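I have placed the structure first, in the form of structure tokens, so that the comments after it can refer back to it.
Bear in mind that the values here come from a model prediction, so they are computed numbers and not experimental data.
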Amino acid sequence: MHAGNTIKPGRMMKDATYWIERFNMVKHPEGGFFHETHRSIETIRGEHLPPRYNGDRRISTAIYFLLKGDRPSLFHRLKSEEIWHFYAGCPVTIHVINAEGEYSNVRLGVAEEGEEAYQGIIHAGSWFGAIVDDPEGYSLVGCTVAPGFDFTDFEMGERADLLGRYPRHRGIIERLTR
């Protein structure tokens with residue numbers, strides 16, 4: 001066995017530390033680790049964007065995002081759409097409460113081996129957080145945001161606020177907020 005690898009049935013799998021170090025990832029406020037891989041050179045001028053934006057935005061941005069099984073990505077929302085792309089590790093479930101208060105989830109993983117998909121779309125304004133399906137595993141994904149990510153468009157979910165708005169989703173809100 002090589003350092004940084006764990007044997008899984010039928011294949012070798014890198015561990016979370018391997019990816020964090022390889023991509024020079026840092027902690028993300030929602031949980032997990034990230035490294036920005038792309039920020040468009042071109043921008044969209046603020047007057048050409050919906051009114052929810054407060055200025056110019058890059059056309060798109062992309063990151064690597066790694067989530068460990070022992071710590072979820074907490075509920076947050078963006079003003080832009082976000083597409084998640086599965087790369088390695090264990091399946092991950094993204095829990096979503098849309099702008100109308102309806103709950104859904106997207107399960108990402110090795111699509112040919114189960115009910116997972118390789119990509120999942122989170123619509124702008126939806127609250128979402130993610131949990132790795134295996135508490136001892138990790139998921140390495142990519143996230144593409146368009147218009148591009150800007151921290152001024154990022155909002156962490158507050159437990160009391162979300163419970164007040166969506167009391168029927170108490171269980172997942174309590175799990176994905178502090």
Side-chain angles (χ1 to χ4, degrees), residues 2-6 8 12-40 53-55 57-58 60-97 105-110 116 118-163 169 171-178:
H2 301 290
N5 292 334
T6 304
K8 295 290 181 185
M12 296 289 285
M13 188 166 86
K14 308 286 189 213
D15 68 10
T17 302
Y18 170 85
W19 298 111
I20 292 167
E21 291 174 357
R22 177 175 177 195
F23 296 127
N24 195 28
M25 294 177 155
V26 296
K27 289 185 177 180
H28 197 288
E30 77 193 51
F33 300 83
F34 81 104
H35 176 79
E36 186 174 88
T37 59
H38 175 72
R39 181 166 288 274
S40 293
Y53 295 96
N54 62 356
R57 293 292 179 275
R58 300 295 176 148
S60 68
T61 56
I63 64 170
Y64 286 126
F65 182 65
L66 185 135
L67 193 59
K68 292 182 178 181
D70 62 350
R71 182 151 184 246
S73 162
L74 300 176
F75 267 129
H76 61 288
R77 68 178 170 181
L78 303 177
K79 293 179 181 178
S80 298
E81 287 194 341
E82 182 168 13
I83 303 172
W84 285 46
H85 315 265
F86 182 80
Y87 296 133
C90 300
V92 60
T93 302
I94 308 165
H95 300 272
V96 182
I97 301 173
N105 66 62
V106 177
R107 190 162 183 249
L108 299 182
V110 181
E116 302 92 25
Y118 285 116
Q119 293 182 356
I121 298 171
I122 310 302
H123 295 288
S126 295
W127 291 101
F128 65 103
I131 300 170
V132 176
D133 291 5
D134 179 349
E136 296 181 20
Y138 72 90
S139 294
L140 175 65
V141 300
C143 299
T144 303
V145 177
F149 181 83
D150 186 298
F151 265 107
T152 62
D153 301 335
F154 175 88
E155 181 182 2
M156 287 296 299
E158 297 290 331
R159 180 175 286 178
D161 177 55
L162 293 177
L163 286 172
H169 305 308
I172 197 63
I173 290 170
E174 287 179 346
R175 189 161 181 201
L176 295 179
T177 57
R178 290 190 186 134

Practice problem: Just say parallel, tilted or perpendicular for the rings of His28 and His76, cut-offs at 30° and 60°. | Solution: tilted
How many angstroms lie between [atom1] in [X] and [atom2] in [Y], if you round to the nearest 0.5 Å?
X	Y	atom1	atom2	result
Cys143	His85	SG	NE2	7.5 Å
Trp19	Lys68	CH2	NZ	15.0 Å
Leu108	Glu116	CG	CD	8.5 Å
Ile172	Leu162	CD1	CG	11.5 Å
Trp84	Ile121	CH2	CD1	14.0 Å
Thr61	His38	OG1	NE2	8.0 Å

Quiz item: Do Leu74 and Arg178 pass the side chain to side chain contact (heavy atoms under 4.5 Å, CB included) test, and can you show the C-alpha distance, the side-chain angles, and the key distance before you say yes or no?
Solution: CA-CA 8 Å; Leu74 300 176; Arg178 290 190 186 134; 3.5 Å; yes
Self-check item: Salt bridge present between Arg107 and Asp133 (N-O < 4.0 angstrom)
Solution: yes
Quiz prompt | Sidechain N-carboxylate O distance under 4.0 Å for Asp150, Lys79 | solution = no
Taking the side chain as every heavy atom from C-beta outward, state whether [X] and [Y] have any atom pair closer than 4.5 Å.
X	Y	answer
Ile131	Arg175	yes
Thr93	Val106	no
Thr37	Ile63	no
Phe34	Val26	yes
Ser139	Phe65	no
Met25	Leu140	yes
Val145	Leu78	yes

Exercise. Determine whether more than 12 heavy atoms belonging to other residues, nucleotides or ligands lie under 6.0 Å from atom CD of Glu158.
Key: no
Over all heavy atoms of both residues, which pair between [X] and [Y] is shortest? Give the atoms and the distance, please.
X	Y	value
Tyr118	Gly109	CD2-O, 3.6 Å
Gly31	Leu67	C-CD1, 4.3 Å
Val141	Phe86	CG1-CA, 4.2 Å
Trp127	Met156	CZ3-C, 3.8 Å
Gly69	Val132	CA-CB, 3.6 Å
Ala124	Glu81	N-CG, 3.8 Å

Quiz item: What pairs of residues pass the salt bridge (Lys or Arg N to Asp or Glu O under 4.0 Å) test when at least one of them lies in residues 24-37, not counting sequence neighbours?
Solution: Glu36-Arg39
Quiz item: Are Ser80 and Tyr53 close enough that a side-chain donor and a side-chain acceptor fall under 3.5 Å?
Solution: yes
Quiz prompt | Flag for Arg58-Ser40: side-chain donor and acceptor within less than 3.5 Å | solution = no
Self-check item: Tyr64 ring center near Phe23 ring center (under 6.0 Å)
Solution: yes
Quiz prompt | Donor-acceptor contact below 3.5 Å, side chain Thr177 vs main chain Ile173 | solution = yes
Practice problem: State which residues pass ring pair (Phe, Tyr, Trp, His ring centres under 6.0 Å) with Phe149; sequence neighbours excluded, sorted by chain then number. | Solution: Phe151
